[in-house]
Amino acid sequence: QVQLVESGGGLVQPGGSLSLSCAVSVGMFSLYFMGWYRQAPGKERELVATIDYSGTTKYTDSVKGRFTISRDNAKNTVALRMNNLKPEDTAVYYCHMPNTDYWGQGTQVTVSS
């Protein structure tokens with residue numbers, strides 16, 4: 001059974017940094033397209049960043065230059081490094097395998113002074 005388990009959320013002040021990690025239990029992980037999504041209170045879930053099998057990345061405009069998605073195919077993990085965090089980044093962050101029904105349970109990120 002495929003499982004995605006996120007870790008690394010928490011409370012941080014504006015301008016601070018956090019790193020999220022997602023451990024994925026699936027065979028042939030390196031072939032999968034992976035992504036991070038987030039959902040703020042009262043808003044729809046939105047795409048934050050994706051990374052394909054070759055390491056090519058894409059970001060939503062609001063996080064470009066501040067967030068970095070990466071993957072370690074040897075460890076079956078995908079990470080999201082978030083710098084210069086803003087209050088509007090506050091949300092539950094989810095790891096997801098696009099084009100599948102597999103989602104992590106989510107991890108809360110709160111940016112507040």
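Because only heavy atoms are used, hydrogens play no part in the values below, and waters and symmetry mates are left out as well, while side chains stay in. As the structure is a computational prediction, the values presented were derived from the model and not from experiment.
- Using a 4.5 Å heavy-atom threshold, the side chains of Leu85 and Phe67 count as touching.
- For the residue pair Cys22 and Leu4, the shortest heavy atom distance occurs at SG-CB, 3.9 Å.
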* From CA spacing to verdict: side chain to side chain contact (heavy atoms under 4.5 Å, CB included), Leu20, Met82 -> CA-CA 8 Å; Leu20 306 182; Met82 305 181 291; 3.7 Å; yes

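- Applying the under-4.5 Å side-chain rule to Ile, Leu, Val, Met, Phe, Trp and Tyr, the cluster around Leu31 extends to Met28.
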* Asked: How far apart are the C-alpha atoms of Asn83 and Ser17, what are their side-chain angles, what is the distance that settles it, and do they pass the side chain to side chain donor-acceptor pair (under 3.5 Å) test?
  -> CA-CA 4 Å; Asn83 295 326; Ser17 298; 2.9 Å; yes

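- Taking 4.5 Å as the limit, some side-chain heavy atom of Pro14 sits within range of a side-chain heavy atom of Pro87.
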* Begin from the C-alpha positions of Thr90 and Val109 and carry the test side chain to side chain contact (heavy atoms under 4.5 Å, CB included) through to its verdict. => CA-CA 5 Å; Thr90 295; Val109 172; 6.0 Å; no

* Determine, step by step, whether Val24 and Gln3 satisfy the side chain to side chain contact (heavy atoms under 4.5 Å, CB included) criterion, reporting the C-alpha distance in whole Å, the side-chain angles of both residues, the deciding distance to 0.1 Å, and the verdict. => CA-CA 6 Å; Val24 184; Gln3 287 188 318; over 6 Å; no

* Please assess Arg38 against Glu46 for the test side chain to side chain contact (heavy atoms under 4.5 Å, CB included), listing each intermediate value before the final yes or no. => CA-CA 5 Å; Arg38 66 186 180 187; Glu46 65 170 349; 2.7 Å; yes

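- A distance of 7.0 Å separates CD of Gln13 from OG of Ser113, quoted to the nearest 0.5 Å.
- For Asn76 (side chain) and Val26 (main-chain N/O), a donor-acceptor pair under 3.5 Å exists by modelled atom type.
- Environment of OH in Tyr53: sparse, with no more than 12 heavy atoms of neighbouring residues, nucleotides or ligands closer than 6.0 Å.
- The distance from the CG atom of Asn99 to the OH atom of Tyr32 is 11.0 Å, given to the nearest 0.5 Å.
- Evaluation of the side-chain contact (heavy atoms from CB on, under 4.5 Å) rule for Ser7 yields Ser21 as partners, not counting sequence neighbours.
- Among residues at least two apart or in separate chains, ring-ring contact (aromatic ring centres under 6.0 Å, His included) pairs with a member in residues 91-113 are Tyr37-His96, Tyr37-Trp103, His96-Trp103.
- Ion pairing of Asp61 with Lys64 is present here, as a side-chain N (NZ or NE/NH1/NH2) and a carboxylate O approach within less than 4.0 Å.
- One side chain, Ser54 or Thr56, offers a donor N or O that lies under 3.5 Å from an acceptor on the other.
- Distance check: Thr110 OG1 to Asp89 CG gives 11.0 Å after rounding to the nearest 0.5 Å.
- One N or O on the side chain of Glu6 and one on the backbone of Gly106 form a donor-acceptor pair closer than 3.5 Å.
- No donor-acceptor pair under 3.5 Å is formed between the side chain of Thr77 and the backbone N or O of Ala23.
- Both the sub-6.0 Å distance and the 45° axial angle are not jointly satisfied by Arg66 relative to the ring of Tyr59.
- For the side-chain contact (heavy atoms from CB on, under 4.5 Å) criterion with Ile51, the lone passing option out of Leu80, Thr68, Val78 is Val78.
- Under the 4.5 Å side-chain contact rule for hydrophobic residues, Val5 and Met34 do not share a cluster.
- Between Asp52 and Lys58, none of the side-chain N atoms (NZ, or NE/NH1/NH2) sits under 4.0 Å from a carboxylate O, so this pair counts as no salt bridge.
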